[in-house]
Amino acid sequence: MRRTRRRALVALAAPLALSLAALTGCTSGGQAGGNTGGNAKDTLTLGLTADIQGWDPGVQPTYQGWGADAVWDSLLRCGPTGEPSASLADKWEFSQDQRTATLHIREGVKFSDGTPVDSAAVKANAEYYATAGGASSRWAGITVETPDAQTVKISWPAANPLLALRMCESKIATPASIAEGKFEAPIGSGPYTLDTSATTGGSVYTFVKNDSFWDSASFPYKKVVLKVLESETASINALKTQQINGSLITTATYEEAKASGLALETLKANTTRLLITDHLGEKIPALGSVDVRRAMNMVFDKDAIAEKLYLGRATPAYQIFREGSNAYIADMKDPYPFNVDEAKSLMAKAGFSDGFTLQIPTMQGQGHEKLMPYISQQLALINIKVEEVPLSGPNAISELLSGKFPVPLWQLGNYGESLQDISDYTLKDGIWNVSHQADAKIDELWNTILTGTEAERKQAQQDVNRYITDQAWFVPMAYPEHFYATTAGVEVSQVSDFSGLHPLLRDFK
Amino acid sequence: MPSPILEVKNLDVTYTGRHGLSKKVINDVSFDLHPGETVSLVGESGSGKTTIGRAILGLAPVTSGSITFCGETISNISRSERRRIARGIQVVFQDPYSSLNPSMTVEDILVEPMQAAGASGGRDRVRELLDSVGLPSDSGSRYPKEFSGGQRQRIAIARALALDPAVIICDEPTSALDVTTQARVLALLKDLQQQTGVAYLFISHDLGVVNLISDRIGVLYQGSIVELGEHVATKPQHEYTKRLQMAAPVADPKKQRERRAARLKLLADEKVGAGRL
Amino acid sequence: MMLSVLKRLLRSAVIVLIVTFATFSLMFGNGPGIARAILGYQATEGDVQRKVVQLGLDRPLLVQYGDWLGNAVTGNLGESFFTGQTVTSALATRVPVTLTLVVLTMILTIIISVLLGVAAAVYGGWLDRALQFVAVLGAAAPSFIIAIGLVFAFAIAVRIFPATGYVSPDISLGGWLLSVTLPVISLLVGSVANAASQFRGAVLDVLSRDFVRTLRARGIPGSHIIFRHVLRNAGGPGLTVLSLQTLGLVGGAIFVELVFALPGIGQLANLSTQNGDVPMAMGPVVVTIIIVLVVNFIGDFANTMLNPKARTR
Amino acid sequence: MSAETPNPAATEAPVPVAGRSVMKRLVTNPMGAICLAYLLFVIFLGLSSPFLAPFQPNQADLNAVNAGPFEPGHLLGADSAGRDILSQLMWGTSQTLLGSVLVLTISVAAGVTGGLLAGFYRGKFETAADWVNDVIMSLPSIVLLIALYALTGPNVMVAMAVFGLLVAPTYYRLVRAVVVGVRTELYVDAAKVVGLSDQRIIGRHVLWAVRAPVVIQSSFILAAGIGIQAGVEFLGLGDPKQASWGGTLQNANNNIYNNRFGVLWPALLVTLTILALVLLGNVLRDVLQSSARNKTLRKDRRRELARKAQQERTAATSDLPAQDVVLSIRGLRVGYPDGPDSVREVVHGVDLDVRRGEIHGLVGESGSGKSQMAFSTLGILPKEAVILGGSIYQGGEDILADDKSMKKARGHRIGYIPQEPMSNLDPSFTIGAQLVYGLRAVKTISAKEAKKQLTTLLAKVGIRDPEGIMRLYPHEISGGMAQRVLICGAVAADPDLIVADEPTTALDVTVQAEVLELLRQLSKERGLAMILVTHNLGVVADLCDTVSVMKSGRIVEHNDVESLFEDPQQDYTKELLESTRRVELLEV
C-alpha cells in the first residue's frame with residue numbers, strides 16, 4: 001500500500017515525492033538478480049523503490065523517473081533550481097506575460113522507430129497531457145500552434161510562472177502511440193531504448209543506449225538496468241553485494257550503508273510540517289485564530305526533533321522553503337521558539353484554553369509512526385486532542401486531499417524553484433492547501449509574481465514566506481536528510497533534479 | 001390366548017445407498033409377541049435380525065408393512081409420539097461397553113429414562129432397580145468403566161426395566177460375554193420375566209441360547225423368516241435351520257463327532273439334491 | 001467415474017464463482033477513487049470521470065464482475081489499472097516465484113516428514129521426543145518470525161545467503177538456490193513440524209492395526225513391513241495432511257515473500273488489493289483458487305490410487 | 001458377581017474427567033503449570049497495563065529514540081519514535097488477547113454449532129454444511145483479509161472476526177466427526193429409546209463427547225489467532241494508533257539497522273505465547289484424552305527385567321523336550337507395566353508341550369492369558385508387554401533367548417491364523433500381491449513359482465476361483481473367504497506349527513463349521529501341529545486332541561480331549577462345561 005501512496009502522490013508531479021518513498025520501511029517484491037553484465041561502465045543498475053507505472057507519457061511521475069528519462073527526451077532540461085537549458089528544443093523563449101512558450105525543435109532528431117520528432121509531434125504530446133490525467137490540470141486549456149515543422153508555440157490561458165518546469169516535465173512520445181492510446185512499449189527519442197526482451201514488468205527493466213541521441217556523451221553507460229526493490233533492506237543488501245549500483249536510502253539504513261563503504265549523497269529536499277489550511281476557522285473555529293496557530297508552533301522542540309527523532313540527520317526548520325531558493329529567508333530566526341507556557345497563554349488569550357479535537361490523517365509508510373506519538377503528545381500540552389485517522393485503500397489520497405482533514409501532517413517537497421511551493425501550498429487552488437481558502441494578501445503577492453519584474457518577483461516570494469510565517473499557516477519542524485547510496489565506481493556528479501529528490505540519469509558518471 | 005402386545009406385519013426395510021442403489025434388508029417379515037412371552041429371532045450376520053429390532057424401536061426406517069404395539073401403529077411415527085411409546089418398549093443392546101455413556105454415573109444412567117418420562121422415583125427406585133439385577137445398591141455413584149462386561153449388561157437391563165415396560169427388545173445381549181457370565185445373565189432375564197411379566201423379543205445368532213430362553217423361535221435368512229415356531233431349535237423343518245442347527249459344535253467330543261458326520265451327510269445330500277435339480 | 005468427475009468439476013466451478021465474486025466485491029472500491037489514484041492529483045475532474053467510464057467502473061458491480069468473468073473464462077484476466085501490464089504477464093513472472101517456494105517446501109516437507117515421522121513412530125524414545133519438541137516449536141513460531149531470525153543469522157551476521165531478492169534459475173542456478181534457501185527454510189520449519197507429527201500419528205495408527213501383527217507373525221522383515229505396508233496405508237491420512245499443508249503454505253508464503261522481498265503472488269495480492277487495482281488483485285486470487293482445487297484434486301486422486309476401497313466405489 | 005472377570009477393554013475406554021480434576025491435573029503437570037503460569041502472566045501484563053506500564057503506549061520520549069535494552073527507564077529499549085517498547089507490548093497485549101478471543105468465539109460459535117447439527121441430523125443439512133465448509137476452506141484467507149482491509153481500513157477486530165469464520169471449518173470437521181461417531185454409539189440409541197428429546201440428547205450425550213476435543217482445539221485456535229493477528233499487523237494492516245504486538249514487530253523490523261534488539265521482544269512475546277498455547281493444548285490432550293493413564297515402564301527397569309529373565313534362562317537346567325515335540329513352553333511369565341517401575345504379571349509360569357500333528361486347544365475366558373501365550377510364541381506381543389521369564393523351545397532352540405532364532409522361526413516354522421479375518425489383511429494390496437510377497441519374504445522362490453504354489457493352496461483351502469480371488473482386494477471378499485486366505489498364508493511356508501488365535505470367533509456358525517473342517521484336513525495331511533486358542537468348548541470338542549484350560553494366567557487343567565470332557569477334575573472346568581452345555585443343542 002505504500003506503493004499506492006507513493007505512486008498516487010508521486011503522480012502529482014515532482015513535489016512531495018521523496019518523503020513518501022524514502023521513509024518507507026519495508027514492503028517488498030523486487031528482483032535482486034545477479035549482476036551478470038560485465039564491468040560497471042558497461043552497465044548501470046539502479047534500484048527503484050517503486051515499480052514503473054507503465055509507459056503512458058501523460059501519466060509519468062518525475063520521481064525516480066529514470067525509465068522515462070531514458071526513453072523519452074523532454075523539451076527542456078531544468079537544473080537544481082529550475083533554470084532551463086536546451087534539450088529537445090535547442091532554442092526557446094517565454095513570453096513576457098508568462099503565458100506562451102515558443103520552442104525550436106532540434107533538427108534531424110528521430111524517434112527510435114525512425115519517425116521524425118517535429119512540431120506536430122510536440123503538439124500531439126502537449127495536447128495529450130491536457131487530457132490524459134496525470135498532470136492534466138497543469139496543462140488544462142492550452143493551445144498549441146505549429147508555425148513550421150521545427151517551431152511550436154504552447155500557450156496557457158492564464159499567466160504561468162512555471163512554464164520552464166512544464167517544459168522540463170514533458171516526455172515526447174511518438175504521435176502514433178498517442179493516437180493509438182496504448183503504451184505497451186515506449187517509443188521516444190531519449191538516450192536509451194527499452195530492451196523488452198530483457199525486461200520483466202514489475203521487476204527488471206533493461207535499457208540499451210541510443211547512440212544517435214543528440215547528447216549521447218552525457219550518458220556514459222551502455223546499458224541501464226532498473227530493478228524494482230521495494231524493501232529498503234533489500235536495496236541495502238543488493239547494494240552491498242553489488243547487485244545494484246545505486247539506490248535511495250533513508251536514515252533507517254544510513255549507518256548500515258555507511259559501514260558498508262557505500263558512497264552517500266545527502267539530499268535535503270523536503271520539510272516536515274503540519275499544514276494548517278483552515279485559516280478562516282471554517283471547520284475548526286479555533287484555527288481561525290492566529291494565536292492558536294502560533295501556539296501550535298510553539299509546542300514543538302525543533303532541535304530535539306532534528307537531533308533525536310531524526311537521529312541528527314535533519315536540521316530544524318523555521319520555514320518551509322529550501323535553502324537557496326528564491327523564497328528562502330537566509331537569516332530567519334526561529335519565529336516561534338519552543339515555549340509551552342507561552343503557547344498556553346496564547347491559547348488562553350485566543351479563548352481556546354480548553355483546546356479542541358484535531359483529526360490528523362496518517363498513512364502507512366510515511367514515517368507517521370515516528371512523528372505522530374510526539375506530535376499528539378505535544379499538542380495535548382495545550383489541550384489539543386489529536387485523533388489519528390489512518391487512511392487506506394484506493395481512496396486514501398482522495399480523502400487526504402479532500403479538505404476533510406484541515407491539518408495534514410506531511411513531509412513535503414521544498415523545491416529548488418520555490419514558486420512551485422508557493423503554488424502548491426499557498427494558492428487557493430494549491431493541491432496541498434486542502435481547505436482551498438482564498439487569501440487576499442497571497443493573491444496580491446502572486447499577482448506581483450505574475451506581472452512584476454525579476455526583482456519584484458523575488459521580493460514577492462520572500463514576502464509570501466514572511467506572511468505565511470507570521471500567520472503561522474504551517475508548523476515547520478525539520479528538514480530531514482535522505483541519501484542516495486552508490487557503489488564504488490559509480491559517481492554522482494551532482495543532483496540536478498529541481499525537486500532535489502535523487503540524481504537524474506544524466507548525473508550518473 | 002390374549003391378543004398380541006406387539007405385532008409385526010409384512011415388514012419391509014430398504015436402505016438407500018450413496019449412489020441411489022437400494023438394498024432390501026428386510027423382506028415381508030411378520031410375527032407377533034404376546035404379553036409375558038419370549039420370541040426369538042435367530043440368524044447369521046446380515047440376516048437382518050438386528051434391523052427388525054431397530055425398526056420396532058424406531059431407529060430404522062420402515063419401508064412398508066406395519067408394527068403395532070398394544071393395537072396402536074408405531075411404525076413411522078414422529079419422535080414425540082415415539083416418546084410416549086418409550087414407556088412400553090425398551091431395549092438391551094449387545095455391546096455393554098458402548099451402550100452406557102462413560103461420562104455418566106450409574107445412577108444418572110438409570111434416572112435418565114424416568115426423567116424423560118416425567119416419572120417419579122429417584123434414589124429409591126435406583127436402589128430397587130440395582131437390587132433387581134443383582135448389583136450392589138451402592139453402585140449408583142460409580143461410573144460404567146468400573147464394572148465388568150456382565151455387570152454393565154446388568155446396568156443396561158436395569159435401565160430397560162426403569163419404566164416397567166411391557167416389551168424389552170434384547171439385541172444379542174449376551175454375545176459379548178464369557179460363557180459363564182452369559183449363563184448368569186440369561187438366568188437373570190428369565191427371573192425378571194417371571195417377576196414382572198415382561199415380554200422379550202430376543203435377537204441372537206446362537207440357536208442354543210435362543211432355545212434356552214424362548215417360547216417361540218423365528219429363523220431369519222437373508223431378510224425373511226424361513227421358519228417360525230415352538231420347536232424350531234430341536235426339530236427344524238427348513239433346510240437352512242437344519243444346517244444352522246448342525247453347524248454349532250457341542251462341548252462333547254463323542255457327540256460332536258456324530259453331529260459332524262450327520263452334518264457332512266446333510267451337506268452331501270443337499271449337494272446331490274441340488275445336482276438333480 | 002465420469003459422473004463423479006463431472007460432479008467434481010461442477011463443484012469446483014461453483015467454488016471458483018463464489019470465491020472470485022466474494023473477493024471481487026470486497027475489492028470493489030468507488031470508481032472515482034481508483035481513477036484518482038491512477039491519474040494522480042493533477043488530473044482534472046473531467047479526466048477522472050473519463051477514466052472512470054473508460055475503465056467501466058461506473059457500471060453496477062454485477063455487470064463488472066460478469067464482464068471480468070467472461071474474459072477470465074477465455075484466459076484474459078485483463079490489465080492492471082495502473083501500469084497497463086496484462087495480469088497474465090504479471091502472473092507469469094510472479095507465479096513461478098511462489099510456486100518455487102511452495103513446491104520446494106512441499107517436496108522437502110514430504111521427504112523429511114515421512115522420514116522423521118516413520119523414524120519417530122518406529123523407534124520412539126528420544127527421537128520421538130525430539131520430534132515432538134521440534135514439532136511444537138516449529139508450529140509455534142510464525143513463519144515471518146523464523147524468516148526474520150534466519151535473515152539475521154545467515155544473511156546479516158554470517159553472510160552466507162542473500163537477505164532478500166529472488167534470482168530466476170535461468171539467470172543463475174546457484175543464485176536461485178541461494179536466493180530461495182532461507183525463504184524455503186522459514187516455510188519448511190512449520191510445515192515439517194506439522195506434517196511430521198501428523199505422519200507419525202498416522203504411522204502409529206497403522207502400526208497398531210491387526211494386519212501388521214499378522215505380517216510380523218509371518219516372518220516378514222520389519223523394514224519391509226514399514227516401507228511396503230505401513231507407508232502405503234499411512235499414505236491416505238498423510239496425503240490429507242499434506243494437501244491441507246500446501247493450502248496453508250500458499251497463504252503463508254505472503255509473509256515470507258514480504259520479509260525476503262520476493263516478487264511472488266502474495267506480494268502482488270497485497271499491493272494491488274490495497275491499490276484498488278482490481279484486475280491485478282484478482283490474478284492471485286484466481287491462481288490461489290486454482291492451486292487449491294488442483295491440490296485437492298491431486299490429493300483425492302492420489303488417495304484413490306492408494307485406497308482400493310475408494311477406487312472401486 | 002465376583003467371578004465376572006473385568007474386561008481389559010474397560011481400562012482402555014476414555015476416562016471421564018470432571019472439570020475440577022482436569023484443572024488439577026493440568027496444574028500438577030509441570031509443562032501445563034509452566035504454560036498456564038506464563039499465559040496468566042501475559043494476561044496480567046495486558047490487564048495491568050493501565051496501572052503498571054511505565055508509559056502510555058504512544059508516549060514519545062525523544063531522548064530515548066532507538067534506546068537499546070536495559071537503558072534506564074526503558075527496560076526493553078524504545079522504538080524509532082521514542083516509545084517505550086515494554087509499554088507498547090503491555091498495552092498491545094489486551095488488544096492481542098481480545099483479537100484471539102474474538103477468533104475463538106466466532107469460530108466456536110459457527111463451527112461447533114454447525115458441526116453438532118450436521119453430525120446429529122445429517123441428511124441435507126450436513127450436505128449443505130459440508131459444502132459451505134469446503135468453500136470456506138478453499139478461500140485464500142490472507143488475500144481475503146487484505147481485500148477486507150481495502151474495504152474497512154485498519155480494523156484488526158473485523159479482520160479477526162472474519163478470520164474466526166475462516167477457521168470455523170476446523171471445529172466443524174472435528175465436531176461433526178465426533179458427533180457422527182457418538183451418534184452411532186449405542187448409548188445415544190438407548191437415550192432415544194428411553195424417550196429423551198433431541199435437545200436433551202445433544203446437551204447430555206453429544207456435547208459431552210465433543211467437549212474435550214473442542215477445548216483442546218481451542219488452545220490451538222487461540223495460538224493461530226495470535227499468529228495471524230501478529231501477521232496481519234506485520235503486513236501493515238494494523239491500526240497504527242493502537243499498540244499491538246505485530247505492529248511493534250513491524251516497526252522494529254523496519255528499523256532493524258538502527259535498533260537491532262527491537263525485533264527481539266515482540267518476536268519473543270509472540271512466539272512464546274503461541275508456544276505456551278500449543279504446549280497447553282498438548283498437555284490438555286494428554287489430560288483429557290489419554291487412553292487411561294498410559295502406563296509405560298521406565299527404560300532401565302525394562303532392561304533390568306529382560307536381563308533377569310535371560311539369567312534365569314541360562315541358569316535353568318530344564319528337562320529338554322522330547323524329540324517329537326514341536327513346541328515346548330517352560331515357565332513362561334508375561335507382564336504389563338503398572339506404573340513406571342512396577343509390572344503386573346498376567347501369565348504366571350506356564351508349561352506347555354505340543355507334539356507333531358497334535359491339535360492343542362487352549363481354552364479360557366477373556367483375560368485368562370491364553371492370547372498372551374499365543375502372542376509370546378510368535379514373538380508378537382504388544383510393545384509394552386514384558387516377558388518376565390521362561391523359555392519357548394522350537395526345534396531345540398529357545399526363541400525367547402535369542403532374537404535371531406525367533407526371526408528364523410517366525411513364518412518358517414510357526415504360522416499364525418488371527419481372529420478377525422478382515423482386519424488382518426492389508427487393505428491396500430490385492431490378495432495375490434500380499435500372499436506372494438509374504439511367501440517370498442520367507443522362502444527364496446520366484447514370483448511365478450510362488451504364485452503357482454499359492455494358487456494350488458488356495459484351491460485346497462476351498463476357494464473355487466483362486467486366480468480370480470488373487471486379483472481382488474480384501475474388502476471385496478467375505479469374512480469366511482478372508483479367513484481361508486489367511487489360513488492359506490499361514491500354511492504356505494510349510495510350518496511345523498500353526499498358532500490359531502480364536503480363528504472362528506468372528507465367523508458365522510455355518511462358516512465356522514467349514515473352517516474347522518479345513519483346519520482338521522490340513523493338520524491331517526501335513527502333519528501340522530496346532531495351538532488353537534478359543535473360548536468355545538464346542539470348537540475344542542470338535543477339533544482338538546488335547547486341551548489346556550487357562551484361568552487367570554495359569555493352566556488349571558490339562559488332558560486329552562475325551563478325558564477332559566468326560567471327567568473334568570477342576571471346579572472351574574466343570575463350571576465352564578456346565579455353562580456351555582446349558583445353552584447347547586444336543587439333538588441331532
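Residue numbering restarts at 1 for every chain, and letters A, B, ... go by the order of the sequence lines. Computed over heavy atoms, backbone and side chain alike; hydrogens, waters and symmetry mates excluded.
For D:Val232, the part lying near chain C is the backbone, with the side chain staying farther off; criterion is any non-hydrogen pair under 4.5 Å. C:Ala141 touches chain D through backbone and side chain together, each having a heavy atom under 4.5 Å away. With a 4.5 angstrom heavy-atom cutoff, D:Asp501 does not touch chain C via any of its atoms. With a 4.5 Å cut-off on non-hydrogen atoms, D:Ala223 does not touch chain C at all. Heavy atoms of C:Pro221 lying under 4.5 Å from chain D belong exclusively to its side chain. Only the side chain of D:Phe375 comes within less than 4.5 Å of a heavy atom in chain C; its backbone stays farther off.
Checked by atom type and distance alone, the side chain of C:Arg209 never pairs as donor or acceptor with a backbone atom of D:Ser423 at under 3.5 Å.
The two atoms that bring D:Ile380 and C:Arg213 nearest to each other are CD1-CG, 3.4 Å, heavy atoms only. When all heavy atoms of C:Gly219 and D:Val442 are compared, the pair lying nearest together is O-CG1, 3.8 Å. Scanning both residues, D:Thr271 and C:Pro142, for their nearest heavy atoms gives OG1-CD, 4.3 Å. Here the closest non-hydrogen pair linking C:Ile220 and D:Gly438 is CD1-CA, 3.7 Å. Closest of all the heavy-atom pairs between D:Asn424 and C:Asp210 is OD1-O, 3.0 Å.
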Self-check item: Verdict with reasoning, D:Leu235 to C:Phe144, per side chain to side chain contact (heavy atoms under 4.5 Å, CB included)
Solution: CA-CA 10 Å; D:Leu235 280 182; C:Phe144 60 92; over 6 Å; no

*Take D:Leu486 and C:Arg218 through the test side chain to side chain contact (heavy atoms under 4.5 Å, CB included) and record every step on the way to the result.*
CA-CA 10 Å; D:Leu486 281 163; C:Arg218 289 271 167 81; 3.6 Å; yes

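In terms of heavy-atom pairs under 4.5 Å with chain C, the best-connected choice from D:Ile136, D:Thr430, D:Leu249, D:Asp426 is D:Asp426. With respect to chain D, the highest number of heavy-atom pairs below 4.5 Å among C:Val19, C:Val206, C:Asn233 belongs to C:Asn233. Contact count against chain D (heavy-atom pairs under 4.5 Å) is highest for C:Val136 among C:Ile15, C:Val136, C:Val285. Top candidate by heavy-atom pairs under 4.5 Å with chain C, chosen from D:Ile414, D:Leu378, D:Leu275, is D:Leu275.
Two residues are said to be in side-chain contact when any heavy atoms from C-beta on lie closer than 4.5 Å; D:Phe429 and C:Arg228 meet this criterion. You'll find the side chain of C:Val259 reaches within 4.5 Å of the side chain of D:Phe234, heavy atoms only.
Using a 3.5 Å distance cut-off with no hydrogens or angles, the side chains of C:His224 and D:Tyr437 do pair a donor with an acceptor.
Considering CD1 of C:Ile148 and CG of D:Leu264, their distance stands at 11.0 Å, rounded to 0.5 Å.
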